[in-house]
2 protein chains.
Amino acid sequence: MNVDGGAFVAKQATTDKRQRRERGSINPDDIIKGAFELAEEVGIDNLSMPLLGRHLGVGVTSIYWYFRKKDDLLSAMTDQALRTYVFATPYVAADDWRETLHNHAWTMRKTFMGNPILCDLILIRSALSPKAAQLGVLEVEKSIASLVEAGLSAEDAFETYSAVSVHVRGSVVLQRLYEKNLASADGTGAQLDDRMAIDPESTPLLAKATADGLHRIATTDDANFEYALNCILDHAERLIATGPKSKGSGKTTKSSVRQRNRAAATN
Amino acid sequence: MNVDGGAFVAKQATTDKRQRRERGSINPDDIIKGAFELAEEVGIDNLSMPLLGRHLGVGVTSIYWYFRKKDDLLSAMTDQALRTYVFATPYVAADDWRETLHNHAWTMRKTFMGNPILCDLILIRSALSPKAAQLGVLEVEKSIASLVEAGLSAEDAFETYSAVSVHVRGSVVLQRLYEKNLASADGTGAQLDDRMAIDPESTPLLAKATADGLHRIATTDDANFEYALNCILDHAERLIATGPKSKGSGKTTKSSVRQRNRAAATN
DNA sequence: ACCTGAACACCGTTCAAGT
DNA sequence: ACCTGAACACCGTTCAAGT
């Protein structure tokens, strides 16, 4: 963190002011690489152009020659992040469709959970280039194809995969946002009152359920993730069992109508 | 947007420099109220202290007398947002437990979807004070109690409610983040290429599923929300049907083991 | 006890150069 | 064609006053 470089040296001919770099000495790839290095240290949220200039040993404004706005740089980083993500979550066929999709969901989760920067760029900031998005689409197709092969209709396969995808991304994002808040809270020395107080008088059931000290309320931990994931997979399994003749599960028909009414009432 | 007020008037005795306010002329509640008004106009992300000072007709630094950091102000706003949210999503018993929980989930979703500021403060920024959190906890207890009454064990009720809660919050947050990106993207005149191109050659199934122009890939729309919600409710219904003797659904036992192995391998 | 402007260190971005 | 510092308009926050 040598931030104060040359601040008190004045503009004498001391020559340690940092040489002017030659023409081809930086390129977009170097900048992106340096940006990831810096993000690893300070986090995406604290990644700034002046900081990046310092990290690269480059005048801040030089970066603007290659990326006209910080947003453009972040987009380029997001595209690369997606390539990393797709590489880390290949489609791997297991014994059956259910295990395959189950594993895939967990691989996606683990990849994001183990790499906050991926999470911040791909899930929270989004904004993929169409070209990069195409990459992700290819992956999705393979997963859906395996569901169709297992006996789901194309539409059911699409819905099932979408549900799993939203579940993975949603729970990861909630967890990530929670982490961020914790970080900024204890950074400022605020309340370390992580586990919120459950009063057994007013909320006996919650007190009982959280008594083990393990469970937290409506948390996004692995067990919770697995639970809802299996709900979705169970549903798909029943769709396959009943065969392609009946559309929908039958069970959900009544509530689908209910939902439609509700949506109509709101619009 | 009278930003340039008095910039070129110089510090003459023109008296329009804004009078010094008297002692008790502002209080925390006014500031919070003004902050919400301003947030409604410019969004939580663009809410700044100087902007708020101008909006209130108050010197910026005056705000700091009542809120030592911007973060403190946002926390106070979040607490109030939670009260608004709890008021908007009361526990309402319907014909049966399933309809009750189904309605409750939809009410939560609609409340957040219809109020981005609530979403930004409560879901994305989080950081509730323990006191405010207590408010939410009371609501949760009632929902879980109704599930227990319907025949679920305390633990199953807790897990079911957690799954629903994560589902609601996760899908709302994904949707909100998506909106934010769209807003900042077309603000800068970037690609309006909203619907990403699906190539029927490489991804025939996706092309077919999205051919109607309605479906988008792994989106977080109402239909998708309803789908996974019913998966969770179906699961709970089966738990009730099989009675309290057998823990878990039986179906999920194998995959639970699988998951445990996976978790052990990673840690 | 409350309200205030000046000032500081940061940020993203533009401009008018330098080579 | 590329690299640069000075400068601008913003931001959050602190300080040393004013009343």
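Owing to the predicted nature of the structure, the values given are computational and were not obtained by experimental measurement. Within every chain, numbering begins at 1; the chains are lettered A, B, ... in the order of the sequence lines, protein sequences first and strands thereafter.
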Distance in angstrom units between [X] [atom1] and [N] [atom2], rounded:
X: Arg54(A); N: dC3(D); atom1: CZ; atom2: P; result: 19 Å
X: Gln19(A); N: dT19(C); atom1: CD; atom2: P; result: 13 Å
X: Asp72(A); N: dG12(C); atom1: CG; atom2: P; result: 13 Å

* Asked: What's the closest nucleotide to the Arg23(B) side chain, out of dT4(D), dC3(C), dA1(C)?
  ->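 Per side-chain heavy atoms of Arg23(B), the pick is dA1(C).
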* Structure fact -> Symbol by symbol from the 5' end, with Watson-Crick or G-U pairs under 3.5 Å, [ ] crossing and | another strand, DNA chain C is ||.|||||...|||||.||
* Proximity to DNA chain C (any heavy atom under 4.0 Å), residues of residues 57-66 of chain B only ->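 Contacting residues: Val58(B), Gly59(B), Thr61(B), Ser62(B), Trp65(B), Tyr66(B).
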* Donor/acceptor link under 3.5 angstrom from Arg20(B) side chain onto base of dC3(C) ->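 By the distance-only test, yes, there is a pair.
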* Where does the angle between the aromatic ring planes of Phe225(A) and His167(A) fall among parallel (under 30°), tilted (30 to 60°) and perpendicular (over 60°)? ->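 Parallel.
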* **Approximate separation, where rounding is to 0.5 Å, of Lys69(B) NZ and Ser75(B) OG** =>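 One gets 7.5 Å once the value is rounded to the nearest 0.5 Å.
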* Asked: So how far is it from Ile44(A) CD1 to Ile124(A) CD1, rounded to the nearest 0.5 Å?
  ->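 So the gap between those two atoms works out to 10.0 Å.
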* **Partners passing side chain to side chain donor-acceptor pair (under 3.5 Å) against Asp30(A) (at least two apart in sequence or in another chain)** =>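 Listed in chain order: Asn27(A).
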* Asked: What nucleic acid atoms does Leu52(A) come within less than 4.0 Å of, heavy atoms only: base, sugar-phosphate, or nothing?
  ->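 Touches nothing.
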* At under 4.0 Å between heavy atoms, what does Leu73(A) touch on the DNA or RNA strands: base, sugar-phosphate, or nothing? ->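 Nothing, no heavy atom under 4.0 Å.
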